[in-house]
Student: 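Quick one: the structure is below, and I'll ask about it shortly.
What's counted below: heavy atoms across the whole structure, side chains too, no hydrogens, waters or symmetry copies. Every chain is numbered from 1 and lettered A, B, ... according to where its sequence line falls, protein lines coming before strand lines.
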Protein chains: 2
Amino acid sequence: MQEEQPDPLTPEVVDLMAALVGVFHKEYEEAAAARSLTGAQAKVLGLLRRGPLPMRQIAQTLSCEPSNITGIVDRLEARGLVERQADPEDRRIKRVAATETGSAATAELRASLNFAREPLAALSQDERLQLRDLLQRMLDQARRQD
Amino acid sequence: MQEEQPDPLTPEVVDLMAALVGVFHKEYEEAAAARSLTGAQAKVLGLLRRGPLPMRQIAQTLSCEPSNITGIVDRLEARGLVERQADPEDRRIKRVAATETGSAATAELRASLNFAREPLAALSQDERLQLRDLLQRMLDQARRQD
DNA sequence: CTGAATATTTGACAAGCTGAACCTTTCTCG
DNA sequence: CGAGAAAGGTTCAGCTTGTCAAATATTCAG
């Protein structure tokens with residue numbers, strides 16, 4: 001809706017982001033596959049890192065329908081990576097919790113993301129600091145707008 | 001395989017990248033959906049921006065099986081966004097070309113990516129320049145490693 | 001000319017995702 | 001209190017994405 005002046009730098013940065021998104025996405029998918037997880041399963045498992053979550057909240061975080069999460073959690077549960085627990089406060093709610101095995105899997109997966117090492121290795125300590133601040137500010141802006 | 005010292009900045013930057021990738025991905029998907037395209041269809045259509053491409057090359061660029069592209073192109077073709085043309089040099093090859101309508105759709109979609117405006121709006125001209133250079137170098141590094 | 005290699009398609013099948021219909025539990029308010 | 005609305009999950013049908021194996025057509029190598 002807003003008609004800004006055409007800063008030639010902006011589309012250029014957007015294309016770079018798009019390319020980086022592609023690289024990141026591919027690497028994530030491969031790291032997951034190496035542990036026989038799909039990308040979606042890895043994402044859900046990753047969300048449980050800080051503790052159990054209700055189905056609904058998982059769906060909300062991933063911007064998808066709750067019915068979709070049912071299937072993904074089914075498959076994770078079938079493999080013993082995750083558990084459904086009843087919420088004592090509200091019996092409608094089922095909290096999904098990572099099992100011991102599940103937690104180990106995500107920790108391992110996160111540690112294996114080479115994306116960290118290789119592309120970032122091209123930057124000096126100072127530049128990483130710069131990059132962090134720039135990204136942080138973009139993200140804040142994005143969150144403010146949603 | 002490489003055991004680097006644990007630079008505390010690196011995982012932090014990786015998490016930021018992951019978050020930004022999430023935002024970007026979501027916005028792309030929504031922009032595509034607003035034109036009744038799926039993400040995959042939009043990606044393929046976007047590749048044809050600079051001219052027709054053989055099926056195989058599309059598959060290679062998107063890192064997926066050629067048989068997958070067949071279906072996506074089928075659906076794009078059914079909607080008149082894309083055409084299969086025979087290659088005069090090698091009759092095994094089918095080149096996929098965006099139609100008039102198809103080109104218009106991608107141009108529009110690209111233009112609509114607000115990701116450009118909003119998060120980047122938080123940065124000054126100078127900072128965008130910095131960001132571009134940092135991203136460019138990361139990407140070069142990532143490509144060198146693949 | 002024959003056999004290997006290449007480009008694409010087809011078919012079967014799993015997973016992701018949506019939307020609508022359906023329980024169960026909780027909340028609201030007359 | 002009790003009836004109906006609302007909220008959390010699940011189920012089901014249907015579509016798209018993606019893989020793998022087999023089949024077809026064309027080109028290439030010797």
Student: Does a donor on one side chain and an acceptor on the other come within less than 3.5 Å for A:Gln130 and A:Asp126?
Tutor: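 There is no such pair between these side chains.
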Student: Within this structure, what is the NZ-to-C1' distance between A:Lys43 and C:dG16, rounded to whole angstrom?
Tutor: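 So the two atoms are 10 Å apart, to the nearest Å.
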Student: Separation of A:Gln41 atom CD from C:dA15 atom P, in whole Å?
Tutor: 7 Å
Student: Could you give the side-chain donor-acceptor pairs of residues 92-108 of chain B under 3.5 Å, partners two or more places apart or in another chain?
Tutor:
{"residue": "B:Arg92", "atom": "NE", "partner": "B:Asp90", "partner atom": "OD1", "Å": "3.1"}
{"residue": "B:Arg92", "atom": "NE", "partner": "B:Asp90", "partner atom": "OD2", "Å": "3.4"}
{"residue": "B:Arg92", "atom": "NH2", "partner": "B:Asp90", "partner atom": "OD2", "Å": "2.8"}
{"residue": "B:Arg95", "atom": "NH2", "partner": "B:Gln85", "partner atom": "OE1", "Å": "3.1"}
{"residue": "B:Thr99", "atom": "OG1", "partner": "B:Gly80", "partner atom": "O", "Å": "2.8"}
{"residue": "B:Thr99", "atom": "OG1", "partner": "B:Leu81", "partner atom": "O", "Å": "3.3"}
{"residue": "B:Thr99", "atom": "OG1", "partner": "B:Thr101", "partner atom": "N", "Å": "3.4"}
{"residue": "B:Thr99", "atom": "OG1", "partner": "B:Gly102", "partner atom": "N", "Å": "3.1"}
{"residue": "B:Ser103", "atom": "OG", "partner": "B:Thr99", "partner atom": "O", "Å": "3.2"}
{"residue": "B:Thr106", "atom": "OG1", "partner": "B:Gly102", "partner atom": "O", "Å": "3.2"}
{"residue": "B:Thr106", "atom": "OG1", "partner": "B:Ser103", "partner atom": "O", "Å": "3.0"}
{"residue": "B:Glu108", "atom": "OE2", "partner": "B:Arg35", "partner atom": "NE", "Å": "3.3"}

Student: Determine whether B:Leu131 and B:Leu120 make a side-chain contact, defined as any pair of heavy atoms from C-beta on separated by less than 4.5 Å.
Tutor: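 Yes, side chains in contact.
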Student: Scan nucleotides 3-9 of chain D nucleotide by nucleotide, 5' to 3', and note B when protein non-hydrogen atoms come under 4.0 Å of the base, S if they reach only the sugar-phosphate, - if neither.
Tutor: ----BSS
Student: Could you check A:Arg75 against B:Ser67 and say which one's nearest nucleotide on DNA chain C is further toward the 5' end?
Tutor: B:Ser67
Student: Could you state the CD1-C1' distance from B:Ile72 to C:dT9, rounded to the nearest angstrom?
Tutor: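 Roughly 15 Å, once rounded to whole Å.
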Student: Provide, to the nearest angstrom, the distance between the CD atom belonging to B:Gln85 and the C1' atom belonging to C:dT8.
Tutor: 16 Å
Student: Within a strict 4.5 Å, meaning less than it, do heavy atoms of the B:Asp74 and B:Arg84 side chains meet?
Tutor: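 Yes; the side chains approach each other to less than 4.5 Å.
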Student: Toward the 5' end of DNA chain C, which comes first, A:Arg91 or A:Asn68, by nearest nucleotide?
Tutor: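 Its nucleotide being nearer the 5' end, the pick is A:Asn68.
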Student: For A:Glu29 and D:dT17, give me the distance from atom CD to atom P, rounded to whole Å.
Tutor: 15 Å
Student: Expressed in angstrom and rounded to an integer, what is the separation of A:Ile69 atom CD1 from C:dC17 atom P?
Tutor: 8 Å
Student: With sequence neighbours left out, what residues match B:Gln41 under side-chain contact (heavy atoms from CB on, under 4.5 Å)?
Tutor: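 B:Gln41: side-chain contact (heavy atoms from CB on, under 4.5 Å) contacts with B:Leu37, B:Thr38, B:Ile72, B:Arg75, B:Leu76, B:Arg79.
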Student: Roughly how many Å is it from CD in B:Glu30 to C1' in C:dC17, rounded to a whole number?
Tutor: 15 Å
Student: B:Leu37 CG to D:dT16 P: how many Å, rounded?
Tutor: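 Whole-Å distance recorded here is 12 Å.
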Student: Tell me whether B:Arg110 is salt-bridged to A:Asp15, with the criterion being a basic N under 4.0 Å from an acidic carboxylate O.
Tutor: yes
